[in-house]
2 protein chains.
Amino acid sequence: MTPEPHHPSRLDLREACIAEATAIIESRGIESLSLREVARRLGVSHQAPYRHFPSRDHVLAEVIRRSFAEFAAALNAPPKTDNIGADALAMGMAYVNFALSRPLQYRLIFGGALPDPERHGEMLQGARAAFGVLQTMLARIFTERGQPFDQEAINREALFIWSSLHGIVSLMRCDALDTLELSPETRNGFAMIALQRVGIALGVAPSLTPGPHSKEMER
Amino acid sequence: MTPEPHHPSRLDLREACIAEATAIIESRGIESLSLREVARRLGVSHQAPYRHFPSRDHVLAEVIRRSFAEFAAALNAPPKTDNIGADALAMGMAYVNFALSRPLQYRLIFGGALPDPERHGEMLQGARAAFGVLQTMLARIFTERGQPFDQEAINREALFIWSSLHGIVSLMRCDALDTLELSPETRNGFAMIALQRVGIALGVAPSLTPGPHSKEMER
DNA sequence: TACATGAGTTGACACTGTCTACAAAGCTAT
DNA sequence: ATAGCTTTGTAGACAGTGTCAACTCATGTA
């Protein structure tokens, strides 16, 4: 067992590439990710990453795959209580918080600039996981209401929730908003208002104090 | 007046560049736009476009500016009636139809991959126009209801509508949806259901027949 | 010992955006 | 008319990129 066998360890470079690529994407966005810079930062030749990935898009797909998984985990992170309305709201806020605290990662997932999903199917397995989190939550809501199990109805609700949340966070990060001369209250309180409306549309009572903007959104 | 004065006409090349860039973006996406290919297609040298644009991002900004304007016009296109609920729904469907029939253009506008808006402020003037369309519609709704004019309330509603619509179309174009094993009814009817819910949240009665999926969404 | 394999290196190619220097028109003022 | 200046386009170069091919070299195995 040599102390420094030239190649530090078998899979280190692969992991290091992914880590470095993630760092670059998080700090400067997806379009300025270059495998050559990854290699440069790691102190290896510009071709070394190609020993572990067939192409740049495969690196990207792997980063995206992990981002999806992190996202699904974040949705599931809030501890569950016996108040289904509170749990649903907590999940909504977890969604919003993920999107706002990791904007470039969120855009990576939902920005629509994915490498051809035909060729990178495994990339989207995390998407299924995230959707599953939603479905589970809705199944719980349905059950507690005494409604019969109806997968189609659950899927419809899940799509509605997903689209609402995505719309909310997209708008909050939208450059165009800056040019609209909105009052700070309107801008900052918007997510909370929208979340409450989604809750109303779903029939889960938003158990919030009726204060004007009871709890300011972070950031 | 030479019949062929070498340079066909003064501003032709600038317009031709924009047209060609738009065509490339519409057919192959924003990331494969290259000024060199624009020049090549137009049969001029690779530097010719730089006589009319300081950089690639300026071409992009101009294409985006026009896309925004087209978008605002599309929102305003449906003829107005005396049924405010129908008008609002028509606008919502105009939004959805624009996004679905010109997906790459829509992504260009709201995808979040804009060139630095600090340096390209004029690019977003169309965004203000589009938001203004929404505000006007809401002011009309408020007036017909006899509610007092309240710009903040209007802005809140406008943001809510905008985010809902954006969420809807984003989801309909989302690659991740393809992996989710949804029934065709759920997928295709989703936009209509979501639009109706937005209408309900706004209190504009969706004057639709209660048929299960009364009018299939196009595409 | 001979050989095959995996990991990394080097060099090349075509492509990109952008900088600089150049050429040929047109306009304007003397 | 002629000299100069601006506009429009060209040509060449440079650094950066993804990717292909050929190379080294340590390792594992027959």
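The sequence lines fix the lettering, A, B, ..., with proteins before strands; numbering per chain opens at 1.
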**Asked** Are any of the side-chain nitrogens in A:Arg66 or A:Glu62 under 4.0 Å away from the carboxylate oxygens of its partner?
**Response** yes
What's the closest nucleotide to the [X] side chain, out of [options]?
X	options	answer
A:Ser45	C:dT10, D:dG9, C:dT18	C:dT10
A:His46	C:dA12, C:dT18, D:dG9	C:dA12
A:Arg51	D:dT19, C:dT18, C:dA7	C:dA7

Can you tell me how far [atom2] of [N] sits from [atom1] of [X], to the nearest Å?
X	N	atom1	atom2	value
B:Ile24	C:dC15	CD1	C1'	14 Å
B:Leu13	D:dT7	CG	P	16 Å
A:Leu42	C:dA7	CG	C1'	15 Å
B:Phe53	D:dT8	CZ	P	12 Å
B:Arg41	C:dT16	CZ	P	11 Å
B:Tyr50	D:dT10	OH	C1'	15 Å

**Fill in**
Residue set satisfying side chain to side chain contact (heavy atoms under 4.5 Å, CB included) with B:Ile193, at least two apart, ordered chain then number -> A:Arg156, B:Arg197
**Prompt:** Can we call the ring centroids of B:His166 and A:His166 under 6.0 Å apart?
**Reply:** yes
**Request:** For this output row, return yes or no: ring centroids of B:Phe71 and B:Tyr95 closer than 6.0 angstrom.
**Result:** yes
**Message:** Is it the case that over 12 heavy atoms from other parts of the model lie below 6.0 angstrom from the CD atom of A:Glu122?
**Reply:** yes
**Asked** Within less than 4.0 Å of OP1 or OP2 of C:dG6, is there a side-chain N or O belonging to A:His52?
**Response** no
**Request:** Respond yes when some side-chain nitrogen or oxygen of A:Arg56 is under 4.0 Å from OP1 or OP2 of D:dG18, and no when none is.
**Result:** yes
**Prompt:** So how far is it from B:Leu165 CG to B:Met91 CE, rounded to the nearest 0.5 Å?
**Reply:** 7.5 Å
**Asked** So which of residues 29-38 of chain B are in contact with DNA chain C, with a heavy-atom cut-off of under 4.0 Å?
**Response** B:Leu33, B:Ser34, B:Leu35, B:Arg36
**Fill in**
Sequence neighbours excluded, the answer for salt bridge (Lys or Arg N to Asp or Glu O under 4.0 Å) partners of B:Glu20 is B:Arg41
